[in-house]
Amino acid sequence: MSATTGNLQQELAQLAEAVRARAVELLSSGEVSLVIGHQRPWIGSEAIPAFVKASERAADLVVGPQCAAVLAGYLMDEAGQGTKVAVIARGCDALGVRRLIADRRIAEEDVHLIGLPCLGRIDPVKLGAAADLEPGETVDFEIGSGGLRLRRAGDEGFTDGPQLSEVLADSCLVCDVRKPEGCDELLGEELSGLMAAATAPPVRTMAEWEAEVEELASRSPDDRYTFWAEQFTACIRCFACRNGCPACSCRVCSLDSYQPKWLGHPTELPEQFMFHFIRATDVAGRCVACGECARVCPANLPLMYLNLKLMHDIRSLFGVDRPHVPQEIEPLGKFESDDPEEFM
Amino acid sequence: MAVTEHKTEGAPAVTPAGWQPKIVAFCCNWCSYAGADLAGTSRLAYPPTVRIIRVPCSGRISPRFVIRAFQRGADGVLVAGCHPGDCHYSTGNYYARRRFLLARRFIEYLGIEPERFWVKWISGSEGSKFAQVMREMTEAVTALGPNRKVREAE
Amino acid sequence: MTATPFPTGKVLRLPGSSLDQLVQAALRAAGDGAVLYAPVKSGETWTWDVVAPEAAPQAEWWTRTVNTDLSPKNAMMPQTEDIATWRNRFRDLEIIEPPPPPPAVVLGLRPCDAASFDILDDILYDGEFMDETYRTRRMRTLLLTWACARTGPACGCDAFDLTPAATAGDVMIYPDGDDLLVAAVTDRGGPVLDHLAQGGGARDATVDEMQQVAGALAAQTTEIGRRVKLDDLPIDKPGEGPPQAFGSAIWDDLAPRCLSCGTCTYVCPTCYCFAVNDEPRGSDGRRVRTWDSCQYKDFFTMAGGHNPRPSKVERVRQRFMHKLTYHPERYNRWLCVGCGRCVVACPVGLHIAEVGAVLAEAMRQLGPAKEGDLDGSGR
């Protein structure tokens, strides 16, 4: 994703200005009471969620590959309070919001989606490995013509870093909505470099990513079980994956239920399996492949390999072309009389 | 959290002589449960390994029931419903078909042997099919031995 | 909240390559059947667990690695712990308590993590909230604290009145080049040195030598320590009304991004909330204690359904005021050791470094509580 047209770094700065100006417009006109976006963190390299209510704070908003959290889930608390909420939406944010609307969790008229072209999100684990950084290290980024440029805390200037494509999150490598879909408006359409990068074909397709599950699926049952048992043993049952997921929107989650108690409290392997099994099968058909579950996990579990398996099967069994995009009715909410019948 | 060896949880590592599997069968009231009933009244023999849980419709069955059964000591799980098109509630088993197509592949993906989890259409008049399925399933699960995966410690 | 001085007793110098001798000496001192807790990788996460002594990391692990992802808290307070099991047969109810935990050695805690047990002791070791299983484990566990040759980008012990070589635990290990300088801190640490001296790999060293090395390590500062000044966080005297910042608007600004996921609580060495639940199986069952987090939406939901902390504002305020004002008021200690795990683990950057800085500034601006100002809001 090198800048062949325009200077990406400059365009990102212009996009940020456009975002801030639009936020000021919407807030001061009273059209929205809150703008959700990203802002610089107090420490570290990832931009954190920003909740801008006053126009003076719109200057805090930032854009770029350092923006981390998917913002859609916040609408569960913030939307429907009587006034509109705007979301500065990358493709994943937009899909998450559309997911919440499709699930009737929030009302379409309560949200104003402002889409922007996206280069993808930098995965701090990949960046740490490529640029020899430690967790929590404060780093500033620039997009240079040859790749990322990094400025570590305490350094004067930027030094050359890895290619952006080397350090993008897995879910960003396959993203086909870097020019977001289904938004109320789109900013940055005049920024030719960003738009070209956003509309270029992804580094790999979703189907190719899904196919990685085939390797795991081809191992023996015992090997597969051992793999997942090791992963789930590391799980600390913090529920960050559920809380960060735009598809997990139940007001009362069955994992929290006491009667019936689907999930016991002990963090023992049978319960660990049950937790991830229930979550994956409950979001099956509704996952938007934003990768937030894997991003927020403090134990770095490869959670997307659960969702990808289900998406892969939905694609091949039910002929769903883009399983991660919210449909009128999602695949498990409907049927065909000639659905396949394996082993039945 | 302690890293536990999955081989040591649940059932003992050595299969005791004369061991018979516990199979949990979720049967829909209108077809497969009636089929099981018919197998009984027709005096068709099949191994006494199955514990039947009657549900109104196969569409009621959530995939988590399967994992719960394995947690609580089942060695095999059967989900049985009406043939597509014959559901008493018209469409319940169509949803179940999609759901269990996915769930069966997913349970296998997590490492549980595919022979332990079966999904079958058994109608109210198919008593002999019910008995046949139970015989085949018992044989297949016996060959695998007790299930230790996701099983709770005694 | 002043730091404990450096140890003054016997000091031994041990080559890092002979770390196993220290492990063996500690296991002998801990008692028969003693088990070793050491950093271990679980999936992609560095945590603490019982390992065979041969499987403990080599000395260079501590040179290379700042700290584990999860705290050693589970050595004293496991995430899942049986309280009792019951077997219920007709007219015959048997209640079985779990066997007592074995003696233990924890190898290689950082000073922040070792200090966290001193803080947990405030609540759990004795007094009105004494926790039997915590106390039992604490009494039979030897802590071998490994001072930090370097600090990490998220470290902040110096913001919380500690240093990278703070004296804590039973035995201090100070890295000095390829060697380790080992000194006993407590009476229980003494026998470890005695056994180690008999091992043959260690030789005597002087207190001066050790204090020089320790002093240099302790002088390291961190970015968070430089940016977060809590010394002048005015702590209200207990009993004189609610803490000043309770009604402040800072919580409305900080709370919205919280995911209520509980990750901060679970990685934290000083968080100790737990839930007790019964897991019945027919007529049998067990009562289990598991970690819990005040950040979960239903943490404070009571029978009847009332939840006094229904929104993130109340819950986020609770967490940070507990750590920064309520606990210090009562026990004269921060309920935080600046380990930095929440800084790294929080998916949305809502951690004690930023909140501490924001709260300290808010408290400075609020000034002392006014009479009749019940919630510190100034009204």
Side-chain angles (χ1 to χ4, degrees), chain A residues 213 216-217 219-230 232-237 254-255 260 262-264 266-274 276-278 280-282 284-285 299 305-306 309-314 316-318 331-344, chain B residues 1-10 58-59 62-68 70-73 79-81 83-85 87 91-122 144 147-153:
Chain A
V213 305
L216 189 51
R219 300 187 203 171
S220 74
D222 278 354
D223 283 348
R224 289 199 291 272
Y225 186 80
T226 304
F227 174 81
W228 289 114
E230 264 176 27
F232 295 154
T233 301
C235 168
I236 62 173
R237 277 254 237 127
S254 72
L255 294 169
W262 291 111
L263 190 66
T267 50
E268 288 151 3
L269 206 51
E271 303 290 356
Q272 305 293 89
F273 266 88
M274 182 63 118
H276 291 283
F277 181 85
I278 289 179
T281 49
D282 275 5
Y305 285 110
L306 295 169
K309 168 60 174 167
L310 290 159
M311 282 171 56
H312 183 64
D313 287 341
I314 286 171
S316 60
L317 287 169
F318 311 132
L332 287 175
K334 60 183 178 192
F335 57 86
E336 300 295 334
S337 52
D338 60 352
D339 272 333
E341 276 214 7
E342 300 170 342
F343 48 69
M344 274 142 169
Chain B
M1 186 173 66
V3 178
T4 50
E5 284 273 352
H6 73 260
K7 296 177 191 56
T8 60
E9 73 203 349
S58 55
S62 178
R64 65 185 71 180
F65 295 4
V66 177
I67 300 294
R68 176 51 65 92
F70 283 125
Q71 280 180 327
R72 299 292 165 89
V79 165
H83 287 266
C87 178
T91 53
N93 59 355
Y94 284 128
Y95 291 107
R97 178 165 62 179
R98 279 211 168 188
R99 193 182 304 150
F100 282 104
L101 272 170
L102 284 185
R104 192 163 180 291
R105 287 184 174 200
F106 193 59
I107 289 175
E108 197 179 327
Y109 180 68
L110 291 176
I112 293 182
E113 293 86 347
E115 297 83 358
R116 293 195 187 274
F117 174 39
W118 292 31
V119 182
K120 291 284 173 199
W121 307 130
I122 301 173
L144 289 170
N147 176 55
R148 293 177 200 108
K149 297 169 182 172
V150 307
R151 184 181 181 141
E152 288 177 358

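Keep in mind that this is a model prediction, so the values were computed, not measured. Lettering follows sequence order; numbering is per chain, from 1.
Counting heavy atoms from C-beta outward, A:Pro221 and B:Lys149 have side chains that approach closer than 4.5 Å. At least one side-chain heavy atom of A:Leu306 sits under 4.5 Å from a side-chain heavy atom of B:Leu110. Under the 4.5 Å side-chain criterion, counting only non-hydrogen atoms from C-beta, A:Leu269 is not in contact with B:Val150. Between B:Arg98 and A:Lys334 there is a side-chain heavy-atom pair separated by less than 4.5 Å. Contact check for A:Leu332 versus B:Leu102: side-chain heavy atoms found under the 4.5 Å cut-off. Counting heavy atoms from C-beta outward, A:Asp313 and B:Leu101 have side chains that stay 4.5 Å or more apart.
In this structure, no portion of A:Asp223 lies under 4.5 Å from any heavy atom of chain B. Using a 4.5 Å cut-off between heavy atoms, A:Leu317 contacts chain B through its side chain alone, with no backbone atom that close. For chain B, the nearby parts of A:Trp262 are the backbone and the side chain; heavy atoms of each come within less than 4.5 Å. Heavy atoms of A:Phe227 lying under 4.5 Å from chain B are absent altogether. Looking at A:Pro266, neither its backbone nor its side chain comes within 4.5 Å of chain B, counting heavy atoms on both sides.
With B:Arg97 contributing its side chain and A:Glu341 its backbone, the two residues share no donor-acceptor pair below 3.5 Å. Counting only distance, with no hydrogens or angles, the side chain of B:Tyr109 and the backbone of A:Leu216 share no donor-acceptor pair below 3.5 Å.
For chain A, the option among B:Glu108, B:Arg99, B:Glu113 with the highest count of heavy-atom pairs below 4.5 Å is B:Glu108. With chain B as partner, the option from A:Gly333, A:Ser220, A:Gly285, A:Ala280 having the largest number of non-hydrogen pairs under 4.5 angstrom is A:Gly333. Here B:Arg105 is the residue among B:His83, B:Arg105, B:Arg68 with the most heavy-atom pairs under 4.5 Å with chain A.
In this structure, B:Arg104 does not pair ionically with A:Glu342, as no charged nitrogen and carboxylate oxygen lie closer than 4.0 Å.
B:Tyr94 and A:Phe335 have parallel rings, their planes meeting at less than 30° on a 0 to 90° scale where 60° marks the start of perpendicular.
Ring centroid separation for the pair A:Phe277 and B:Phe106 comes in under the 6.0 Å cut-off.
Of the N and O atoms on the side chains of A:Ser254 and B:Arg64, at least one donor lies less than 3.5 Å from an acceptor on the other residue.
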